[in-house]
Each structure stands twice: as C-alpha cells, then as structure tokens.
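Numbers here simply count residues along the sequence, with the first being 1.
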Amino acid sequence: MWRPKMVNNVGGTVAGSLLLGLALLATQAEAQRTPTISYITQEQIKDIGGTVEFDCSVQYAKEYNVLFLKTDSDPVFLSTGSTLVIKDSRFSLRYDPSSSTYKLQIKDIQETDAGTYTCQVVISTVHKVSAEVKLSVRRPPVISDNSTQSIVASEGSEVQMECFASGYPTPSITWRRENNAILPTDSATYVGNILRIKSVKKEDRGTYYCVADNGVSKGDRRNINVEVEFSPVITAPRPRLGQMLQYDMDLECHIEAYPPPAIVWTKDDIQLANNQHYSISHFATTDEVTDSTLRVITIEKRQYGDYVCKATNRFGEAEARVNLFETNIPVCPPACGRASYAGAEDVAASSFALVGILMALLFTR
C-alpha cells in the first residue's frame, strides 16, 4: 500500500510544477507584450459650462506609466498613472482596474479647454503609444475687427464688403439691407463672407447688415454704412410759380449729392443773398439729400422771371430753373400765411379785399 501512494505524490508534484511553470511563462509572455490602447473616447462637442469625460482603456501596461496630456501648441501634462498633476478643481481622474480604464473628467468647461487631449503609454525614451481625442467647445459668433466697418466709394467703382466671425460651429454670414431693401445682388439676402458690388450706384448707399449665426446664442451683427460719392442731381418740384405783387413766394429745389454740395441761387446771373428782398434756407434730410428754398419777399415787378438753383461738389455741378410770374390774385401759401399773424381786423380786411378782387374778375367777364 505504501509504494502506490508514493507514485501518486510524485504525479501530483509534477502536475503542480507544470501548472506553476505555465503560469510563470504566461506572466512573462504578458510582461513582454507591447502595451496598447484598446479604446479612447471619440470627438466631443460641448457647451461652455458643461462637463466632459475622456476614457482611455489600456492593455498590458501594468508596468508602465499612463499619461493624459493636452497636446496643443504647448503640451500640458494633466495626469500620470492614477495621479492628477494639474492643480485645477475642475479636473478629476479615476481609474477602473476591472477594465484598465483611466477616466479624465472636466467640469465647467471653458473656451480655453478646447483642443486635443492625448492618452499616452511611455514605453521608453523613444517609444510611446498614444491615442488622441478632440474637444470642441461651442462658442457664440463674434464678428472680427478686420471686417469692414464703413465704406466711401465713388459712383461706378467696385465695392467689396467683408465680414468674418469666430465661433464654433463655424458661423454662417448673411447680408441684408436696412428696411429689407433689395441688395445690389437683386435679392433680399446674400450668404457669404464677401459682398461685392461691381459698379456701385448712388441708390446703393445706406446701411448694410452683416449677420453671423451658428445656432449658439443669438448671433452677432455689424452695421456697415456705405456712402457713395456722386455729382449733384437737382429737381425743381414746381418749375413755374405765380404770385401777385407785394406778396411772398417760396421757390424750391431738391438736391441729391455727396459730398454735400455748395448751393447758390441766382437771377440774371447775379448770385442772391439774404436781405430785405430774399431769404435763402437749406434743409438737409440726410447726408446726401438737401432741400433748398428761396423766399422772394414782397414781390416787386423786377423780381419776376427765371431763378436758377445751382449745386456744386468736386464731382460736378447741376442746376434747375424756376420761373416766377405775375398773377392777379394772391396764391396761398405762403401769401395767406401773413393773415395768421395779424389781428382780427387785419384778417377781416384781407378777406373783404380778396372777395372784392374775385367779384371784379367775375364782372369783367
């Protein structure tokens, strides 16, 4: 009974030795295998103030250092092994031994957190295994300072307005005009960074809006003022006016020009000035539009005839004629305007005089 027992003990010892040897060989084989990164989180897009987590799973790296870095222009070490290196309370690091996964978390994301994050296993001074993940942070559009702010161009020249904006996702740029006027592209809106007008006209002047939008916040907008330089264009709203002797009359002309022109009134080639016979006034409604009025005061016979309104700037000049002729009855306004400043007796007297003139005209027929 003793000899078989000895044989069994020997067999058990041999089997145990074999198992132990196999385990040692497996351990050595594992130790000799090159570390790998089996998984890393895919690209992340987050809002400012949000939270992001990067997972990095490694294999065969028990004997090696695993690092997290932010690898942009100047690499920043964030962690080594299961220890966080960066001193920022927004960052935290966890290690899950069951899956050999390192988890880097960033809370309260800021715009400066955007960039590339690298999980790296350092094998030697010249051998490293790395995997990267990109973090993009959504940012509202901000129109850059190198965008067009205002333009002054001569009529007929080419005009180019540029608008660029930062932000993520990349903002789209849309152009509009004030009061939704039609753009020189013959549309209400135009999409693109550059709005080009091949031959600008005076009608193209005004305010243009460059609007940047990427779906984050309400976007950004810039107003671009376009001034078009052009020679004067004059129109006389009433080229013939009649008035009775001893009454006032206003002669008018409407001028469009930029830069603002010098405006003069003449009669018989003599420039008129403010005095007891004439009163000249200019009223600019915009930088390009001016209305000029010449009041002929208490008209005398010699004041009937042609008056010339002339406007001049460095691009040219233009003029319009207004003919003042005599009538047998006063024309209102401005003739009747004097009655409103008179007393009741003057108003009554003026009224009776007017009725008398009308009656006389009727009976002479």
Side-chain angles (χ1 to χ4, degrees), residues 40-55 68-78 86-92 104-120 130-153 158-185 187-198 200 204-227:
I40 193 163
T41 305
Q42 299 301 303
E43 179 179 358
Q44 298 289 297
I45 301 174
K46 297 292 182 179
D47 293 320
I48 291 176
T51 299
V52 68
E53 187 169 270
F54 303 122
D55 291 351
F68 260 114
L69 307 91
K70 187 170 186 288
T71 50
D72 293 316
S73 54
D74 294 318
V76 177
F77 283 89
L78 305 175
I86 188 170
K87 303 301 180 183
D88 189 328
S89 60
R90 299 181 302 115
F91 287 73
S92 62
L104 176 68
Q105 186 183 80
I106 309 174
K107 295 181 179 179
D108 188 22
I109 294 171
Q110 299 172 7
E111 187 174 331
T112 53
D113 294 326
T116 301
Y117 290 78
T118 300
C119 176
Q120 189 174 90
S130 302
E132 297 178 344
V133 54
K134 184 179 179 181
L135 171 63
S136 298
V137 180
R138 293 188 185 94
R139 305 186 309 279
V142 177
I143 294 176
S144 355
D145 290 338
N146 63 341
S147 301
T148 305
Q149 299 187 18
S150 64
I151 284 181
V152 177
E158 181 175 305
V159 167
Q160 181 170 297
M161 287 175 273
E162 300 180 348
C163 187
F164 304 98
S166 60
Y168 188 86
T170 303
S172 64
I173 303 296
T174 303
W175 296 87
R176 294 189 296 106
R177 283 187 76 176
E178 190 174 20
N179 300 322
N180 289 320
I182 298 299
L183 291 165
T185 56
S187 58
T189 61
Y190 175 79
V191 178
N193 293 94
I194 299 174
L195 177 63
R196 186 176 287 107
I197 308 173
K198 290 185 178 179
V200 70
D204 297 328
R205 66 186 184 271
T207 302
Y208 290 72
Y209 301 134
C210 158
V211 181
D213 182 55
N214 66 352
V216 182
S217 186
K218 62 179 181 179
D220 196 10
R221 187 181 88 168
R222 169 169 290 183
N223 299 352
I224 300 171
N225 187 52
V226 176
E227 291 285 6

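For the atom pair CZ of R138 and CD1 of I45, the computed distance is 6.0 Å after rounding to the nearest 0.5 Å. In this structure, the separation between OG on S144 and CZ on R222 is 7.5 Å, given to the nearest 0.5 Å. The structure places CD of E53 at 7.5 Å from OG of S92, a figure rounded to the nearest 0.5 Å. Atom CD1 of residue I151 and atom CD of residue E227 lie 11.0 Å apart, to the nearest 0.5 angstrom. Atom CD1 of I86 and atom CD1 of I106 lie 8.0 Å apart (nearest 0.5 Å). Here the OG-CG distance, from S130 to L69, works out to 8.0 Å after rounding to the nearest 0.5 Å.
When every heavy atom of D213 is checked against every heavy atom of G215, the shortest pair comes out as OD1-N, 3.5 Å. For V137 against Q110, the heavy-atom pair with the smallest separation is CG2-O, 3.8 Å. Of all heavy-atom pairs between D204 and Y208, the closest is O-OH, 2.6 Å. Among all heavy-atom pairs drawn from G167 and P171, the shortest one is O-CD, 3.8 Å. Contact between I224 and C210 at its shortest, heavy atoms only, is CD1-CB, 4.3 Å. Nearest heavy-atom pair, K134 versus S136, reported as atom, atom and distance to 0.1 Å: CE-OG, 3.8 Å.
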Show your working on side chain to side chain contact (heavy atoms under 4.5 Å, CB included) between T51 and Q105 and close with a plain yes or no. CA-CA 7 Å; T51 299; Q105 186 183 80; 3.9 Å; yes
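Each of L135, L78, I40 was checked for a side chain to side chain contact (heavy atoms under 4.5 Å, CB included) with F54, and the lone residue meeting it is L135.
In this structure, the side chain of D220 does not engage the main chain of A212 through any donor-acceptor pair within 3.5 Å. Side-chain N or O atoms of K46 include none that pairs as donor or acceptor with a backbone N or O of A114 at under 3.5 Å. Side-chain N or O atoms of N193 include none that pairs as donor or acceptor with a backbone N or O of I173 at under 3.5 Å. One N or O on the side chain of Q44 and one on the backbone of Q42 form a donor-acceptor pair closer than 3.5 Å. Not one N or O on the side chain of T116 forms a donor-acceptor pair closer than 3.5 Å with the backbone of D72.
Considering only heavy atoms from C-beta on, M161 comes within 4.5 Å of I197 through its side chain. At a threshold of 4.5 Å between non-hydrogen side-chain atoms, the residues P169 and V216 count as touching. You'll find the side chain of T185 reaches within 4.5 Å of the side chain of L195, heavy atoms only. Counting heavy atoms from C-beta on, the side chains of F68 and T118 never come closer than 4.5 Å.
Under 3.5 Å, the side chains of Q160 and E162 contain a donor-acceptor pair of N or O atoms.
Evaluation of the side chain to side chain donor-acceptor pair (under 3.5 Å) test over residues 167-176, restricted to residues two or more places apart or in two chains, returns R176-N180.
Ion pairing between R90 and D113 holds under the 4.0 Å rule for side-chain N and carboxylate O.
A 6.0 Å sphere centred on CG of D145 holds no more than 12 heavy atoms belonging to other residues, nucleotides or ligands.
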